[in-house]
Amino acid sequence: MKDKKVLVIGGGGRCHAIVDALSRSPQVAKIFCAPGNAGIGLQAENVPIADTDVEALLSFAKGEGIDLTVVGPEASLAAGVVDAFRQAGLAIFGHSRSATRIESSKEFAKQLMARYGIPTAAYRSFTDFEAALDYVSSRPFPTVLKYDGLAAGKGVVIAEDLDQAREALHSMLCDGAFGQGKVVIEDFLTGPEFSFMCFVEGERVYPMPLSQDHKRAYDGDKGPNTGGMGAYTGLPFISEEDREYALEHILKATAKAMCAEGCPLSGVLYGGLMKTPDGVKVIEFNARFGDPETEVVLPLLRSDIYEVFHAVATASPLEAPQWEDAVTLGVVLASKGYPGHYEKGAEILGVENLDAQVYHMGTKLSDGRLLTAGGRVMMVVSRGSDIADARRKVYEQIARIKCDNLFYRKDIAHIALEYK
């Protein structure tokens, strides 16, 4: 019966993909999104509440009689929105603040993995700049430097030499680029990276299709790190054995470890993994859907996503979600200058004529005109019989978009297409 009211917290492309999936549910009658964006507003009612304003979100959910709330961004989880909703007796999909530490503290995650034998790179953590610099100086390069807290996907630097390491450490520990905190210094691992997301409730783990995103701004994996410039599913370089190993020894083992620590997971566990010469290892964990991976994974879900979210939110048993046997590929269109300084307010034409799924990330409507309003602006997603087919389709569609202030990578999925 189509009578459920859902509130989605957040406003980027990930939340647009969540709203889009919920709009296909036979149970959902009405979707609200706080704060939402221009594209989300076509499928849900945008509510002008910040995603970290816990009291206002709770008040809205109570007043509207919301049946289920779904949390998108990590900042909302870290602000304790799930704890507040649960205390009020409301069903909410997402982790408690305590469980969110698996993302909000790199050190907590590394300590957990060390305690429970979950494969990851060796590390040490520092709060003192000089001590950190001394340690890095004594080690081989490249080395991986991670800010300990939330940094919107930008708190990781792979330092190729001492000068780069000094600059990054100074930025994180002395200049407070992301706030006051620690830096975790890790051994550099090699191999293809991939994203493995699962719905998790306690020790129950339901895997999603594997995906890979592209972090660097420019073709050939050049330029600065971004929040992600594109993603795709159907990875030829990850075998079924790799996937099974990752599911059993990393994702399920971590869910079990979090239960043992007294902070069980109840949302999405995102494993940022790498297939190294020594096997699959953890690069990072996130406590929520990845962005831009969600935009290529959720379109493949055959099951009713309301059922999945509600079962996790209420700790109820769930039949394993069913997924389509297809491949998806998505390309992010970003404002020129991103991830550095960029202008907003450029008009975007042609989006309504595309034969592809378009997820809005940073857009706004003004007098009926669609304008850029963020660094990453939108993501165009196509599906195909294989990666090459999906890629050909998506770039054909992108060519129909007219905007003077957008750029995008032309080589999404190059790793898969070059794989022998």
**Student:** I need the minimum non-hydrogen distance between A84 and L58, along with the two atoms involved.
**Tutor:**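 Heavy atoms of A84 and L58 come nearest at O-CD2, 4.1 Å.
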
**Student:** Decide whether a cation-pi geometry holds between K410 and Y408; the criteria are a distance under 6.0 Å from NZ or CZ to the six-membered ring centre and an angle within 45° of the ring axis.
**Tutor:**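 Yes, a cation-pi geometry holds between K410 and Y408.
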
**Student:** Are Y206 and E201 close enough that a side-chain donor and a side-chain acceptor fall under 3.5 Å?
**Tutor:**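 No, because no side-chain N or O of Y206 sits under 3.5 Å from a partner of the opposite role on E201.
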
**Student:** Taking the basic N atoms (NZ, or NE/NH1/NH2) and the acidic carboxylate oxygens, is any pair closer than 4.0 Å for D213 and K215?
**Tutor:**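 So D213 pairs with K215 through a salt bridge.
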
**Student:** If you measure only the distance, is there a donor-acceptor pair under 3.5 Å linking the side chains of N405 and E343?
**Tutor:**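 Side-chain D/A pair, N405 to E343: absent.
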
**Student:** Please assess E103 against Y270 for the test side chain to side chain donor-acceptor pair (under 3.5 Å), listing each intermediate value before the final yes or no.
**Tutor:** CA-CA 9 Å; E103 174 172 7; Y270 167 114; over 6 Å; no

**Student:** How close do I40 and G12 get, heavy atom to heavy atom, and via which atoms?
**Tutor:**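 Nearest pair, atom of I40 first, then G12: CD1-O, 3.9 Å.
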
**Student:** If you draw a 6.0 Å radius around CD in E240, do more than 12 non-hydrogen atoms from other residues or ligands fall strictly inside?
**Tutor:**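 Enclosed: over 12 neighbouring heavy atoms sit under 6.0 Å from CD of E240.
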
**Student:** Given side chain to side chain donor-acceptor pair (under 3.5 Å), test H310 with D67 step by step and report yes or no.
**Tutor:** CA-CA 9 Å; H310 192 263; D67 295 290; over 6 Å; no

**Student:** Please check: side-chain N/O of T120 versus main-chain N/O of V282, any donor-acceptor pairing under 3.5 Å?
**Tutor:**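 Side chain of T120 to backbone of V282, a donor-acceptor pair under 3.5 Å: yes, one is there.
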
**Student:** Would you check if E74 and R288 make a side-chain contact, meaning some heavy-atom pair closer than 4.5 Å?
**Tutor:**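 Yes. Closest side-chain heavy atoms under 4.5 Å.
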
**Student:** Before accepting this row, confirm whether a basic side-chain N of the pair E107/K182 lies closer than 4.0 Å to the acidic partner's carboxylate O.
**Tutor:**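 A salt bridge links E107 with K182.
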
**Student:** So is K336 actually on top of Y338's ring, under 6.0 Å and inside 45° of the axis?
**Tutor:**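 Not satisfied by the 6.0 Å and 45° rule.
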
**Student:** Quick one: does S59's side chain have a donor or acceptor within less than 3.5 Å of a partner on A56's backbone?
**Tutor:**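 Between the backbone of A56 and the side chain of S59 there is no qualifying donor-acceptor contact (under 3.5 Å).
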
**Student:** When you look at NZ of K281, are more than 12 heavy atoms from neighbouring residues, nucleotides or ligands closer to it than 6.0 Å?
**Tutor:**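 Yes, the 6.0 Å shell around NZ holds more than 12 heavy atoms from other groups.
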
**Student:** May I ask you to decide whether D187 forms a salt bridge with R139, counting only side-chain N to carboxylate O separations under 4.0 Å?
**Tutor:**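 Salt bridge flag = yes for R139 with D187.
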
**Student:** Taking side chain as C-beta onward, heavy atoms only, is R101 less than 4.5 Å from C263?
**Tutor:**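 They are in contact (side-chain heavy atoms under 4.5 Å apart), so the answer is yes.
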
**Student:** Distance only, no hydrogens: is a donor on one side chain within 3.5 Å (strictly under) of an acceptor on the other, for S211 and T233?
**Tutor:**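 Result is no, nothing qualifies.
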
**Student:** Between V332 and G230, what is the shortest heavy-atom contact and its length?
**Tutor:**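 Closest pair (atom of V332, atom of G230, distance): CG2-N, 3.8 Å.
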
**Student:** How far apart are the C-alpha atoms of Y123 and Q111, what are their side-chain angles, what is the distance that settles it, and do they pass the side chain to side chain contact (heavy atoms under 4.5 Å, CB included) test?
**Tutor:** CA-CA 10 Å; Y123 79 101; Q111 288 172 342; 3.4 Å; yes

**Student:** Between R204 and S266, is a side chain to side chain donor-acceptor pair (under 3.5 Å) present by the stated rule, with each step listed?
**Tutor:** CA-CA 9 Å; R204 290 193 273 244; S266 60; over 6 Å; no

**Student:** Do the side-chain N and O atoms of Q322 and S303 include a donor-acceptor pair separated by under 3.5 angstrom?
**Tutor:**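 S303 and Q322 do not have a side-chain donor-acceptor pair below 3.5 Å.
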
**Student:** In this structure, is the centre-to-centre distance between the rings of F141 and F188 below 6.0 Å?
**Tutor:**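 Ring-ring flag for F188/F141: false, centres at least 6.0 Å apart.
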
**Student:** Would you say that L354 contacts I401 through its side chain, given a criterion of any heavy-atom pair below 4.5 Å between the two side chains?
**Tutor:**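 With C-beta onward as the side chain, the pair touches.
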
**Student:** Closest approach of M172 and V157, non-hydrogen atoms and distance?
**Tutor:**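 It is CE-CG2, 3.9 Å.
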
**Student:** Take R302 and E324 through the salt bridge (charged side-chain N to carboxylate O under 4.0 Å, His left out) test and state the conclusion after the steps.
**Tutor:** CA-CA 6 Å; R302 265 210 303 257; E324 285 183 37; over 6 Å; no

**Student:** Will you find, in the side chains of D291 and T294, an N or O donor that is under 3.5 Å from an N or O acceptor?
**Tutor:**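 Result is no, nothing qualifies.
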
**Student:** Looking at I348 and T363, what are the two nearest heavy atoms and their distance?
**Tutor:**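 Closest approach of I348 to T363: CD1-CG2, 4.3 Å.
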
**Student:** Got a salt bridge between E295 and R14, using NZ or NE/NH1/NH2 to carboxylate O under 4.0 Å?
**Tutor:**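 No salt bridge links E295 with R14.
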
**Student:** Would you please test I412 and L329 for side chain to side chain contact (heavy atoms under 4.5 Å, CB included) and show each step?
**Tutor:** CA-CA 8 Å; I412 299 303; L329 186 145; 4.1 Å; yes

**Student:** Between Q27 and D304, do the side chains contain a donor N or O and an acceptor N or O under 3.5 Å apart?
**Tutor:**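 A pair is found: one side chain offers a donor N or O, the other an acceptor, under 3.5 Å apart.
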
**Student:** Side chain to side chain contact (heavy atoms under 4.5 Å, CB included), that's the test. Do I250 and L273 meet it? Break it down for me.
**Tutor:** CA-CA 9 Å; I250 295 176; L273 310 180; 4.0 Å; yes

**Student:** Shortest non-hydrogen contact from L251 to G271?
**Tutor:**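 Residues L251 and G271, closest heavy atoms: CD1-N, 4.3 Å.
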
**Student:** Using a cut-off of 6.0 Å, state whether more than 12 heavy atoms not belonging to K393 lie near its atom NZ.
**Tutor:**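 Yes, the 6.0 Å shell around NZ holds more than 12 heavy atoms from other groups.
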
**Student:** Hey, does I66 have a side-chain heavy atom less than 4.5 Å from the side chain of V6?
**Tutor:**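 Answer no - side chains too far apart.
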
**Student:** Examine the side chains of Y232 and T328 and answer whether a donor and an acceptor come within less than 3.5 Å of each other.
**Tutor:**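 Per modelled atom types, Y232 and T328 side chains form no pair under 3.5 Å.
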
**Student:** Check the angle between the aromatic planes of F237 and Y419 and answer parallel, tilted or perpendicular using the 30° and 60° thresholds.
**Tutor:**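 Geometry flag for Y419 against F237: perpendicular rings.
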
**Student:** Measure centre to centre between the rings of F126 and Y135, then say whether the value is under 6.0 Å.
**Tutor:**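 Yes, close enough.
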
**Student:** Are side-chain N/O atoms of D83 and S96 paired as donor and acceptor at under 3.5 Å?
**Tutor:**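 No, no side-chain donor-acceptor contact under 3.5 Å.
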
**Student:** When the ring centroid of F309 is compared with that of F93, is the distance short of 6.0 Å?
**Tutor:**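 Yes, ring centres under 6.0 Å apart.
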
**Student:** Compare all side-chain heavy atoms of M258 with those of I102 and state whether any distance is below 4.5 angstrom.
**Tutor:**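 Of all side-chain heavy-atom pairs linking I102 with M258, at least one is under 4.5 Å.
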
**Student:** With distance as the sole test, does K30 use its side chain to make a donor-acceptor pair with the main-chain N or O of K4 at under 3.5 Å?
**Tutor:**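 Checked: no pair found.
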
**Student:** Between R376 and M229 (side chain of the first, backbone of the second, donor and acceptor by atom type, cut-off under 3.5 Å), is there such a pair?
**Tutor:**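 Checked: no pair found.
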
**Student:** Where the side chain of D389 meets the backbone of S385, is there a donor-acceptor pair that is under 3.5 Å apart?
**Tutor:**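 Looks like yes, one N/O pair under 3.5 Å.
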
**Student:** Go through the side-chain N and O atoms of S316 and T314 and say whether any donor and acceptor fall under 3.5 Å apart.
**Tutor:**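 There is such a pair between these side chains.
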
**Student:** Please determine whether the number of non-hydrogen atoms from other residues, nucleotides or ligands lying under 6.0 Å from atom CG of N353 exceeds 12.
**Tutor:**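 It does: N353 CG has more than 12 such atoms within range.
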
**Student:** Whether the side chain of D221 engages the backbone of R216 through a donor-acceptor N/O pair (distance < 3.5 Å, no angle test) should be reported.
**Tutor:**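 No, the answer is negative, given that no donor and acceptor are paired below the 3.5 Å cut-off.
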
**Student:** Keeping the roles fixed (side chain from H95, backbone from L265), state whether a donor-acceptor pair exists under 3.5 Å.
**Tutor:**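 No, H95 side chain to L265 backbone: no donor-acceptor pair under 3.5 Å.
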
**Student:** For atom CG of D325, decide whether the heavy atoms of other residues, nucleotides or ligands shown that lie under 6.0 angstrom number more than 12.
**Tutor:**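 12 or below, so no.
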
**Student:** Any salt bridge linking D242 with K275? Criterion: basic side-chain nitrogen under 4.0 Å from a carboxylate oxygen.
**Tutor:**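 Result for this pair is yes, salt bridge flagged.
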
**Student:** Is the count of non-hydrogen atoms from other residues, nucleotides or ligands lying under 6.0 Å from Q87 atom CD greater than 12?
**Tutor:**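 No, because the 6.0 Å sphere around CD of Q87 holds 12 heavy atoms or fewer from other groups.
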
**Student:** Between K110 and E186, does any side-chain N to carboxylate O distance fall below 4.0 Å?
**Tutor:**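 Salt bridge present between K110 and E186.
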
**Student:** Heavy atoms, side chains only, cut-off 4.5 Å: are M378 and Y359 in contact?
**Tutor:**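 Sidechains of Y359 and M378: no contact.
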
**Student:** Taking the side chain as every heavy atom from C-beta outward, state whether I305 and R24 have any atom pair closer than 4.5 Å.
**Tutor:**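 In short, these two side chains do not touch, never coming nearer than 4.5 Å.
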
**Student:** Kindly indicate, with the supporting measurements, whether the criterion side chain to side chain contact (heavy atoms under 4.5 Å, CB included) is fulfilled by L333 and I398.
**Tutor:** CA-CA 9 Å; L333 281 68; I398 287 171; 4.0 Å; yes

**Student:** Judged by modelled atom types alone, do H214 and D411 share a side-chain donor-acceptor pair under 3.5 Å?
**Tutor:**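 Distance-only check fails for H214 and D411.
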
**Student:** With a cut-off of 6.0 Å (strictly less than), are more than 12 heavy atoms of other residues, nucleotides or ligands near CD of E244?
**Tutor:**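 Yes, because the 6.0 Å sphere around CD of E244 holds more than 12 heavy atoms from other groups.
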
**Student:** Is R392 salt-bridged to D386, cutoff N-O under 4.0 Å?
**Tutor:**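 Looking at D386 together with R392, the answer is no, because their closest N to O distance does not fall below 4.0 Å.
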
**Student:** So, do L169 and V136 sit near enough that their side-chain heavy atoms are less than 4.5 Å apart?
**Tutor:**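 Contact flag for L169/V136 side chains = yes.
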
